[in-house]
Amino acid sequence: MSAEVEIPYTVTARPDTGLYSAKIGIWLFLASEAMLFGGLFSSYLFLRMGAGPGLWPHGLLNVPVGTLNTAILILSSVTVVMAWAALKMRQFSKYRRWMATTIGLALVFLGIKLIYEYPQKFGHFGAYIKPEALAKYEPYLGNNYLASKGLSRRVEITGHLHSIHLEAGTADKPKFEAFIKKHDLKEEHGVYVIEGKEYTSKIQKELDSLKGSKAEYEVKLDAVNADPTNPVYDSPSLWPAKLSDKEAKIDKADIRWAGMFTPEHSSFFSVYFTITGLHALHIVGGVVVFLYFLGPGSALYKRNPEHLANRVECAGLYWHFVDLVWILAFPLFYLL
Amino acid sequence: MQLALINELLGIPPAASEHAPLVDNMLEFAHWFMLVLFVGWFTYFVYALWRFRKSKNPKASYHGVKTKVSTHVEVGVVMIEAVLLLGFALPIWSARVNEFPGEGAVHVRAYGQQFLWNFWYPGPDGVFGKRSNEFVSGSNPVGLDKNDQAAKDDRVLAGAMRLPVNRAVIIELTSKDVIHNASFANFRIAHDAIPGSLVPIWFTPNKLGDFEIICGQLCGNGHYSMKATVTIEPAADFNAWVKGSAPAAPAAAPKTAAATAGLDGGHSL
Amino acid sequence: MTNPADDASFAGGAAPAVTGRHHAPAEHGAHAGHAHDELSFWRKYIFSVDHKVIGIQYLVTGLVFLLVGFSMMLLMRWQLAYPGQPIPVIGKLLHGIRIGEAFITPDGAMKPDFYNSLGAMHGTLMVFLGVVPVAFGAFGNYLVPLMIGAPDMSFPKLNMMSYWTNFLGSVMMISSFLLPGGAAKSGWTSYSPLASIADQPGTLGIPDAWPILFTGQTWWILSMVFMITSSLLGSVNIIVTVVQLRAPGMTWMRLPVLVWVQFITAYLLLLAFPPLESAAIMQFMDRVFNTSFFSPEGLIVSGLPLEKGGGGSVLLWQHLFWFLAHPEVYVLILPAIGIVAEIIANNTRKPLWSYKSLVFSAAAVGVLSFMVWAHHMYLTGMGIKIAAFFQTTTVLISIPSVVIVTALLISLWGGSIRFTVPMLFAVAFLPMFGIGGLTGIPLAFNSISLLLHDTYYVISHFHYVVAPGTIFALFAGVYYWFPKAVGRKLNDFWGRVHFFGSFICMNGIFMPMFLQGMGGMHRRWYDGGATYELAKPLLHYNVVISWSAFGLLLFQIPFIINFIYSAFKGPKASDNPWHATTLEWNTPTPPGHGNFTGPVTVYRGPNEYSVPGAARDYSPQWEAKA
Ligand code: HEA
Ligand code: HEA
Ligand code: CUA
Ligand SMILES: [Cu+2]
C-alpha cells in the first residue's frame, strides 16, 4: 500500500546518519522497552527494601532449571545472529535452518517456564504465621536458632498441603452448612475434610469469612521447615527446595495469610510472576515475528534480500534485549 | 515584615499557628514577584501589539531588537527564585521535618477512614496503648487492646479533636483504608494519611476557637464530606479534660511502649 | 519493495525526498484525486497510511473527545453551582440511558460516585484522548513530514496502527461508562489503594458474580495501555522521520520550531510513558489477581479486613504515575509553543527573536521534566534533602520556560502585526500561559503546598496552561493550517466571535478559582464546598464559574459550525494563502498522497520574513537565492 509512495532509506542507509530507518526505529523502541522493564525492576527493589523481616523468601525457585533456561536463551541469541549472517551471505537454506533453531529454542524456554516451572509453584502451599504465634511453631521455624546466629527470622511454613480438617466451632450454622454443601465435604469422625488438591485461594477466602470455625492444615513440610536448625539452610540453597516426609498441623487461628504460590501469595511472587510473565509475552511476540520471517515473510528474499536481512537484524536486536531482561531477572529472583 | 496585601486580597484563611506567618510571608512575597513580572511583561505586551500593528507599522524590521533586556529579566527571575528557595522554603521545611518539639508537646494519633477522622489520645499516662486490627470495630475504631494497661485510659474522639493553645502538638497520621489528607488550612499545615505508615506532623496553635480539618485527598464518594473540627482551648480546660473522666492514672508504662504500639505487622514505607 | 531511488542517493547523497514520480508539476489541479484512483474509499479515507489523512483523523477524534470531556465538566459545573439539584433536561435523559441508580436520581440529580467518574474521565479524556491526539497526533502527523520535505512518515503502516490503537483505547475508555458500576472514579491520577479497591463486585449495583475484569477502573487501566502503545508507535515514527527524511539542505538549525518541539515531545512520550505502563500492569494485577503491589498489610475497608497479602508500597504508584505525568504536562505545552511560534513569525512578518534560545530552552525543558515529578507528592512525607532537590529542579525548569515566553514576546517588537484569527489565539496564548506558568512558581515550594496543595489554586494553575493556553494554541493551529489541509478557508468573522467569546469565558472560569483556592477550597468536592464553613464566602464564585463555562460552550458553537460548513462550502484557498515560508506551503492545496510534486531542496532558515533587499516580505525555504 505504501509502495506507491516510496519512502527513502527503508533499505539502504542515509549517508549522513549512516543508518537505515528501521534500525533507528528498533533502537528507540528498545529504549522505551528498557523504561518499561526499568519501572518493573525498580518496583522489585522498592518492594524488596520495604519487605519486613523474613518476608522476602529465598530458595523457593528451581535454580538448576532457571540456569538451563538462561543458557537456552543465550544460545538462541547466538543462533539468531547466525540466521542474519546467513542472509547477509545470501545463503537462504542456512538462514531457514538457523531461524528454525532459534524458534525451537524459544519454544523450549517457554515450555520449561509455563508447563514445568509455573505449575510447580501453583501446587506449592505456604502459610504466614501471626507474629504472636511464631513461638508455637518454633520446631518448624527455628527462630531461636536463627536469632542466635543473628539471621533474620522465618515467618512462613511451606510445603504440600495434604488436607484441611474443618470444624463448625462457633461459626454461625447456616453459613457453615452452606459452605459444607457447596463443596460437599464428607465428615470423618467429627471433622470435615478438604483435600489438598481441591484447595484454592477462593476456598481460603470463604474459610476466612467463616468466623469462629476451627480448621487445621496438614502440611507435608519442605525440608527447610522439617529441620529448620540445620545450618545448610542458613543461606538460601541453590537446589530446589526438597520435600521432607515430615508433616505438620497448623491451626487456622495462627495463620495470618495462607495460600498456594500464586501471584497473590506474596510480594515476591507478585513481582516474580509479573516480570517473568511479561518477559514470556515478549518471547511469544518474538516467536511470532520469527515464524513470519521463516514463512510468508521470507518471500521478500527473492525481491530484496537486503531488506529481509535488515528486518531479521532488527528482530535480532529485539531478541537480544529480551535475552538481556532475562539475564537481569534470573539472578534477582533465583539467586539473590 | 508583615505585609499581607495580596494574601488579604485573595482571601487567605486567618492564620492560627506559630509558623503560619512564615508561610504567608513567603506566599505574599512570591505573589508580589509574580505580579511584577506579569504587569511588566503585560504592559510591554499590550504596547507592542498596539505600536506594531500593521496599519501603524506596515514594514516589519528583519532584525527586530538587539536587546539584553531578556537576559536581565531572566537573571532577575533566577535570583528571586533563589531567594524564595533558600530564604524561605528550605528553612520553613526543615523546621517542619527536623525540629520536632521534645518534652511537653501534646501527642495525638489521627486514624483516617472512609469517611471519618478518629483522634486517639494517650490519656493521663501519656502513653499510647497497644492496638491490633483484631479488635477494630464500630465501637473501637482504632482497635485498642482493652487488656493492655496503657490502653485502658486512652481515648478516641471521632470527627472532632481538641488541643491546648500555645503548646506544640505532634499528630501522627495514618489511615485504615485508602489515602486521606489532613489539611489544617488555618494552621498552614497538611499531610497525607497513608495506610501502612505512621507519619508525624507538628505545629503550635496560637488562637482560641474552632477550626476545620479538611480531607484533602480523594478517598471515595464521601470525600467531599470528610470534615473534622479542632477546638483550640485554654491549657487549663484541655488538661482538665485529659485528667477528667479518665480512671486513676496507672503507673505510667515506659515511654518506649508508645513507640512499639504503632501499626504492628504493617511495615512503614 | 526495492528502491532504486535509495541506491542513487546512497551513491551521490542526492535528493532523498524524491517522491512518487507519478505526478508531474503540471498536474497540480487534477492532482488531488489522481494519484490513487485505484484505492478504495476505505483504504483512502479510513485505513489510510497517508500521514495527512491520519493527521486529520487524529484531529477530528481529538476535537470530539475534547468536546465530550468539556460536556462532562459542564454536568459537574452544574452540580458545583447547584449542589443536589436535578440537571435540567439532560439529567432525566442520563437516568433514562441506564447508568444505574448509584449515579443519578430519577429526577436527574447527580450522585457523588457519578461526580467522581466524570471528574476522573474529564481529566483522562482531556489529557490523553483530547490534547495529546490533537497536539501531537494531529499536528505532528500532518505537519512534520511536510515541514521537513518528506513524502510521508518513515513507517506509514505503523502510523496507521498508532491511530487505530489510540482509537480502540479511546472507545474503550468512554464506553466504560456503560459497564455496571460506571467508569473509573479515582481521579485521572488513579491513586492506589483507592483505585485497587474501587468498583468491586457487590458495590454500586455491580452483581456479586461480575468479573472485575469488566469494571470501569480496570478498563481505565486497559485503555491506558492502548493509549501508551499508540503514542509509543507515534513517537518512534516522528523521531525517525525527522532524523532520516529531512530534505537536502534542511539542516537541524533550519528546522521550523514546530518540528523541533514535536521531536522533543516524541522523546518525552517515548521515555515517560513506559513506566506508567509498568505501573498500569501492576495495578491490573492488584485488581484482577489480587496481588498487593500498592497495598500495605492490614487494611480495613468499611469495617472489614481486606483479603490481601499486603507488603506493597502505596507511594510506588505515585512515583511511577508522576514520573510519566510530569513530562506529560510538557507534552501538552511544547507542541502548543511550536504552533504559536510559527503563527507569530508569520503574522509579525519577521523572524522569531533568538530561534536558538527557543530550541535549546525547549530541549532543556524536555530534559528537566524528568527530574521534577515528586513536586506532586510534597505532602506524602519528604525528608529535607529530597524536598530540597525537587524544589530546586522545579524552580530550574521554570527558567527555560521564562526564556521561551520572553523570546516569543520580544519577537513581537518591530513586527508588522496582522491580527488574523490564528494570530489572535496565538498572542492570547502568551499571557494565559504566563498566568498559568507564574502560578506554578508558588506551588513549586512544599512549604506553600501546606496551604495550596490540591486546592482550586492548583486546578486554576494548570487550567490556565492547558485550557486558555494549549487549547487556544490548538485553535490557532486549526485556523492557520485548515486552508492547507482542507483547501478551503474558515469564516473570519465567526472565528473572531469564537475567539473573543472564548477568551472572556475562559478567564471567567479560571480566574475566580484562584480566590477559591487561596480560601482553602479543595478539588474533587462533589458539593462544591457546601460542607465547609471556610468555603461559605466562596460558594457564589461557583455560580460565576459555571455560567462562564456554559457561556464557553455557547461560543464553541460558531467554531463547530464554521469548521464543518467551511470544510465543504468554504471559499477555495490558494497554495500559500498566508504568504508563509515553511515547506508545507510548497505543496498543492490540499496536498496529495506523496506530498510534493517534485524534488525539494531547502535554501534557508524557517522564518525568513522581510529579508532586507528581497522582492517580497517573505522568502520561502524552498526558493533558491536570487
Ligand atoms: C501543560 C501543563 C503544565 C505546565 C506547562 C505546567 C508548568 C508548571 N507547573 Fe504545573 N501542573 C500541571 C500542568 C502544568 N504545569 C497539572 C495538570 C497539574 C496538576 C496535576 C494534578 O494534580 O491533577 C500541575 C500541578 C503542579 C504542581 C503540584 C501542585 C500540587 O498538587 O500541590 C506544581 C508544584 O510544583 C506545579 C509546578 C509547575 C511549574 C513550576 C511550572 C513551570 O514550568 C512554569 C514555568 C512558566 C512560567 C514561569 C511562565 C513564564 C512567563 C512569564 C514570566 C511572562 C508572563 C507573560 C506575559 C505577561 C505575556 N504544577
Ligand atoms: C488538557 C487538559 C484539560 C483541559 C483542556 C481542561 C479543560 C477544562 N476543565 Fe479541566 N481538568 C483537567 C484537565 C483539563 N481540563 C484535569 C487533569 C483535571 C483533574 C481531574 C481530577 O481531579 O482527577 C481537571 C479538573 C477540572 C475541574 C475540577 C473538578 C474537581 O476537582 O472536582 C474543573 C472544575 O471546574 C475543570 C474545568 C474545566 C473547564 C471548564 C475546562 C474548559 O476549558 C473546557 C475547554 C474545552 C473546550 C473549549 C472544548 C474545545 C473543543 C471543541 C470546541 C470541539 C470542536 C469539535 C469539532 C470541531 C468537531 N477541570
Ligand atoms: Cu478522606 Cu478524602
Ligand atoms: Cu508537574
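No hydrogens, no waters, no symmetry mates; every other heavy atom, side chains included, goes into these values. Throughout, a chain's letter reflects where its sequence line sits, starting with A, and its residues are numbered from 1.
Residues C:Ile384 and B:Asn98 share a closest heavy-atom pair of CG2-ND2, 3.7 Å. Nearest heavy-atom pair, C:Thr348 versus B:Ala60, reported as atom, atom and distance to 0.1 Å: O-CB, 3.5 Å. Smallest separation of non-hydrogen atoms from C:Pro112 and B:Tyr224: CG-CE2, 4.0 Å. Looking at every heavy atom in both residues, B:Ile92 comes nearest to C:Ser447 through CG2-CB, 3.6 Å. Of all the heavy atoms in B:Met34 and C:Pro442, the pair that sits closest is SD-CD, 3.5 Å. The two atoms that bring B:Met226 and C:Tyr532 nearest to each other are O-OH, 3.2 Å, heavy atoms only.
Heavy-atom pairs under 4.5 Å with chain B were tallied for C:Gly520, C:Pro431, C:Gly434, C:Gly383; the largest tally goes to C:Pro431. Taking B:Asn181, B:Val65, B:Val199, B:Val97 one by one and counting their heavy-atom pairs under 4.5 Å with chain C, the maximum is reached by B:Val65.
Heavy-atom distances place the side chain of C:Leu451, and not its backbone, under 4.5 Å from chain B. Heavy atoms closer than 4.5 Å to chain C are found in the side chain of B:Phe33, but not in its backbone. Both the backbone and the side chain of B:Leu84 come within less than 4.5 Å of a heavy atom in chain C. With a 4.5 Å cut-off on non-hydrogen atoms, B:Tyr44 touches chain C through its side chain but not through its backbone. Heavy atoms closer than 4.5 Å to chain B are found in the side chain of C:Ala387, but not in its backbone. At a 4.5 Å heavy-atom cutoff, the contact between B:Ser183 and chain C is made by side-chain atoms alone. Neither the backbone nor the side chain of B:Gln113 comes within less than 4.5 Å of any heavy atom in chain C. Contact of C:Tyr378 with chain B is made through the backbone alone, with heavy-atom distances under 4.5 Å. Using a 4.5 Å cut-off between heavy atoms, B:Ile201 does not touch chain C at all. B:Ile80 does not touch chain C: none of its heavy atoms, backbone or side chain, sits under 4.5 Å away. With a threshold of 4.5 angstrom between heavy atoms, B:Phe38 approaches chain C through its backbone and through its side chain. Neither the backbone nor the side chain of C:Leu396 comes within contact range of chain B, judged by heavy atoms closer than 4.5 Å. No part of C:Ser354 comes within reach of chain B, as not one of its non-hydrogen atoms sits under 4.5 angstrom from that chain.
With rounding to the nearest 0.5 angstrom, the NE2 atom of B:His223 is 10.5 Å from the CG atom of C:Leu194. Remark: C:Ile417 CD1 to B:Arg51 CZ distance equals 10.0 Å, nearest 0.5 Å. Here C:Glu297 contributes atom CD and B:Asn133 contributes atom CG; the two are 8.5 Å apart, rounded to the nearest 0.5 Å. Interatomic distance, B:Asp192 CG to C:Gln318 CD, rounded to the nearest 0.5 Å: 6.5 Å. Here B:Tyr62 contributes atom OH and C:Arg349 contributes atom CZ; the two are 14.0 Å apart, rounded to the nearest 0.5 Å. Here B:Leu27 contributes atom CG and C:Tyr457 contributes atom OH; the two are 6.5 Å apart, rounded to the nearest 0.5 Å.
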Apply side chain to side chain contact (heavy atoms under 4.5 Å, CB included) to residues C:Ile300 and B:Asp177 and explain how you reach the verdict. CA-CA 5 Å; C:Ile300 301 180; B:Asp177 37 42; over 6 Å; no
Report the C-alpha distance between B:Phe45 and C:Val427 in whole Å, list the side-chain angles of each, state the deciding distance to 0.1 Å, and finish with yes or no for side chain to side chain contact (heavy atoms under 4.5 Å, CB included). CA-CA 9 Å; B:Phe45 173 69; C:Val427 288; 4.2 Å; yes
How far apart are the C-alpha atoms of C:Val403 and B:Glu74, what are their side-chain angles, what is the distance that settles it, and do they pass the side chain to side chain contact (heavy atoms under 4.5 Å, CB included) test? CA-CA 7 Å; C:Val403 175; B:Glu74 283 142 27; 3.6 Å; yes
Check the pair B:Trp41 / C:Thr406 against side chain to side chain contact (heavy atoms under 4.5 Å, CB included), numbers first and verdict last. CA-CA 9 Å; B:Trp41 272 122; C:Thr406 310; 3.2 Å; yes
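Counting only N and O atoms by type, the side chains of C:Ser398 and B:Glu81 include a donor and acceptor under 3.5 Å apart. Side-chain contact of B:Gln217 with C:Tyr191: a donor-acceptor pair under 3.5 Å is absent, judged by distance alone.
Using a 30° and 60° split on the angle between ring planes, B:Tyr47 and C:Trp413 fall in the tilted class, from 30° to 60°.
For the pair B:Met26/C:Ile448, a side-chain contact is recorded, criterion being any heavy-atom separation below 4.5 Å from C-beta on. A 4.5 Å side-chain heavy-atom check between B:His31 and C:Met518 finds at least one atom pair inside the cut-off. Put simply, the side chain of C:Pro296 does not reach to within 4.5 Å of the side chain of B:Ser197, judged on heavy atoms.
Between the C:Asp527 side chain and the B:Ser225 main chain, no donor and acceptor come within less than 3.5 Å of each other. With hydrogens and angles disregarded, no donor-acceptor distance shorter than 3.5 Å links the side chain of C:Gln391 to the backbone of B:Leu85.
Taking the ring centroids of B:Trp93 and C:Phe445, they lie at or beyond the 6.0 Å cut-off.
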